[in-house]
Asker: 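Starting off with a structure, shown below.
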Amino acid sequence: MTAPALAPFQPSLFDVTDGGPTFDALTGGPRRRLLSDGAWVDLHPNWLRGADHLMRNLTMAVPWRSERRMMYDRVVDVPRLANFYDSSTQLPDPLLEQAISRLNAHYGPVLGEPFATAGLCYYRDGSDSVAWHGDDLGRGATEDTMVAILSLGATRSLLLRPRAGGPSLRFPVGHGDLLVMGGSCQRTWEHCVPKSSRPTGPRISVQFRVQGVR
Ligand SMILES: O=C(O)CCC(=O)C(=O)O
């Protein structure tokens, strides 16, 4: 089902760049947090500066759809809108092509293959969310991989917890931030974006993955 009209994005007062959008260099940039079982997370705040136009364009240009997803052996409704771009589909904004090239230049040598697909999700407000899961449909269930998330719009918390049990970690992801989950993260840890009871504007998450991981 195609989504109804979406709320307009309120541009950020702090996201002003003179020469248009720019990506920060990734070399030496992201702060890596090592997790248990060979999992890790890189966080690069403000990776994309001047992201307002991208947020606005994706809001309008992506044919957002209600989402259903396999979780815990069942197909469930996910309270957010989404669209998936496989490697043969043109991405909805040239900046996403730039993002994928930069990620491949930085992470490719360790990842051993390119980021190839983009999953886009639209969280309309704080009542949209995604439940605990790992991206373990496909090769993520058995192989180390990376999932790189560019966050746009409202700041939301992305939580991670070890599958073996233990406390969760909270990563606030804001406008232009990059978060990369790597190593065994998709099979030994789970992540979620919980609902928020605070007044929360729209957020878009762009997840870059390798072929064969969802
Ligand atoms: O919203 C996010 O950044 C996380 C999205 C996610 O975990 C997923 O779609 O698998």
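Order of appearance sets the numbers: ligands from 1, and atoms from 1 within every ligand. Atom set for the values below is all heavy atoms of this structure, side chains included, hydrogens, waters and symmetry mates excluded.
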Asker: Cut-off 3.5 Å, side chains only: do His53 and Asp93 have a donor facing an acceptor?
Answerer: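 No.
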Asker: Can you see whether Phe84 has Arg214 sitting over its ring - NZ or CZ less than 6.0 Å from the centre and within 45° of the normal?
Answerer: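 The answer is yes, since Arg214 meets both limits relative to Phe84.
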Asker: Between Trp189 and Ser36, do the side chains contain a donor N or O and an acceptor N or O under 3.5 Å apart?
Answerer: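 The answer is yes; a qualifying pair exists.
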Asker: Between Gln186 and Ser184, does any side-chain donor sit less than 3.5 Å from a side-chain acceptor?
Answerer: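 On atom types as modelled, these side chains do not qualify, holding no pair under 3.5 Å.
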Asker: Name each N or O atom in ligand 1 that is under 3.5 Å from a protein N or O, and give the partner atom and the distance.
Answerer:
unit_1, atom_1, unit_2, atom_2, d
ligand 1, 1 (O), Tyr123, OH, 2.5
ligand 1, 1 (O), Arg203, NH1, 2.8
ligand 1, 1 (O), Ser205, OG, 3.4
ligand 1, 3 (O), Arg203, NH2, 2.8
ligand 1, 3 (O), Ser205, OG, 2.8
ligand 1, 7 (O), His133, NE2, 3.1
ligand 1, 7 (O), His191, NE2, 2.8
ligand 1, 9 (O), Arg80, NH1, 3.2
ligand 1, 9 (O), Arg80, NH2, 2.9
ligand 1, 9 (O), Gln207, OE1, 3.4
ligand 1, 10 (O), Arg69, NH1, 3.2
ligand 1, 10 (O), His133, NE2, 2.8
ligand 1, 10 (O), Asp135, OD1, 3.2
ligand 1, 10 (O), Arg209, NH2, 3.3

Asker: Can you tell me how far CG of Leu58 sits from CD1 of Ile204, rounded to the nearest 0.5 angstrom?
Answerer: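 Output value for this atom pair is 5.0 Å.
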Asker: Cationic tip of Arg203 within the cone over Tyr123's six-membered ring, i.e. under 6.0 Å and within 45° of the normal?
Answerer: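 So Arg203 does make the cation-pi contact.
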